[in-house]
Amino acid sequence: MVVSIELTGSIVVEMTTGESKPCKYVIFHEGERISQYETSADPRTAGGHVGLRNIIYRHTSDIDKNDISSQLSEEISNNVEAITNEFGSR
């Protein structure tokens with residue numbers, strides 16, 4: 001199952017279990033894939049949140065880092081059940 005969250009109306013993050021690491025993220029900006037990576041960093045942890053925020057910020061030019069951080073926190077909280085179903089408990 002893929003967990004999909006939308007940020008700023010133009011950024012979508014798809015989260016699923018990775019093949020070589022526990023978490024796989026695919027990030028889209030305005031419909032185009034801008035990044036894809038696997039990591040051990042769960043999005044519900046501080047490290048996972050910061051890493052995901054930094055990747056989004058690095059690959060987009062019209063996004064404020066603090067806005068992305070706030071939106072990520074909100075969307076992860078809103079989708080915590082689906083994320084837990086995908087990645088298990090922390």
Side-chain angles (χ1 to χ4, degrees):
M1 179 180 100
V2 174
V3 178
S4 183
I5 61 173
E6 185 175 330
L7 312 169
T8 72
S10 65
I11 296 173
V12 174
V13 178
E14 293 182 349
M15 305 176 198
T16 190
T17 304
E19 294 177 25
S20 63
K21 301 223 175 160
C23 304
K24 178 180 178 182
Y25 303 117
V26 181
I27 303 162
F28 298 89
H29 182 243
E30 297 179 352
E32 293 184 44
R33 183 170 58 186
I34 59 171
S35 184
Q36 176 178 320
Y37 67 103
E38 292 190 21
T39 181
S40 298
D42 187 297
R44 297 166 292 179
T45 66
H49 174 95
V50 169
L52 187 52
R53 179 204 67 196
N54 288 346
I55 292 291
I56 293 168
Y57 182 74
R58 188 176 310 135
H59 291 284
T60 55
S61 60
D62 59 342
I63 305 299
D64 181 78
K65 195 179 244 186
N66 291 328
D67 288 345
I68 285 297
S69 188
S70 296
Q71 289 178 30
L72 267 174
S73 293
E74 183 177 332
E75 288 302 314
I76 288 169
S77 292
N78 290 343
N79 291 280
V80 74
E81 185 176 339
I83 293 169
T84 299
N85 288 340
E86 182 63 24
F87 298 132
S89 59
R90 293 192 279 172

Evaluate the side-chain proximity of Ile34 to Ile56: yes if any heavy-atom separation is below 4.5 Å, no if none is. no

Check whether any side-chain N or O of Glu38 sits under 3.5 Å from a backbone N or O of Gly18 as a donor-acceptor pair, and report yes or no. no

Set out, in order, the CA-CA distance, both residues' side-chain angles and the distance that settles side-chain contact (heavy atoms from CB on, under 4.5 Å) for His59 and Ile27, then state yes or no. CA-CA 9 Å; His59 291 284; Ile27 303 162; over 6 Å; no

Closer than 3.5 angstrom, by distance alone: can the side chain of Ser69 be matched with the main-chain N or O of Lys65 as a donor-acceptor pair? no

Straight-line distance of Leu52 CG to Leu7 CG, nearest 0.5 Å: 8.0 Å

Side chains of Ser4 and Val12: closer than 4.5 Å at any heavy-atom pair? yes

Heavy-atom nearest pair, Met15 first then Pro43, reads SD-CG, 3.8 Å

Closest approach of Asn79 to Glu75 (non-hydrogen atoms, all atoms of both residues): ND2-O, 2.8 Å

Assigning hydrophobic clusters by single linkage (Ile, Leu, Val, Met, Phe, Trp, Tyr; side-chain heavy-atom cutoff under 4.5 Å), is Tyr25 placed with Met1? yes

Answer whether the closest heavy-atom distance between the side chains of Lys24 and Gln36 falls below 4.5 Å. yes

Donor-acceptor pair, side chain of Gln71 and main chain of Thr8, under 3.5 angstrom: yes

On a heavy-atom basis, the closest approach of Thr16 and Phe87 is O-CE2, 3.2 Å

Minimum heavy-atom distance Ile11-His29, with the two atoms named: CG1-CD2, 3.5 Å

When clusters are formed by joining ILVMFWY residues with side-chain heavy atoms under 4.5 Å apart, either directly or through shared neighbours, do Ile83 and Tyr37 land in the same one? yes

Backbone of Thr17 reached by a side-chain donor or acceptor of Glu86 within 3.5 Å: yes

Measuring from Arg53:CZ to Ser73:OG, what's the distance to the nearest 0.5 Å? 9.5 Å

Counting C-beta onward and ignoring hydrogens, is there a side-chain heavy-atom pair between Tyr57 and Ile68 closer than 4.5 Å? no

Closest heavy-atom pair and its distance - Gly48, Ala41: CA-CB, 3.5 Å

Does any non-hydrogen side-chain atom of Thr84 lie less than 4.5 Å from one of Glu81? no

Rounded to the nearest 0.5 Å, how far apart are CG of Asp42 and NE2 of His49? 12.5 Å

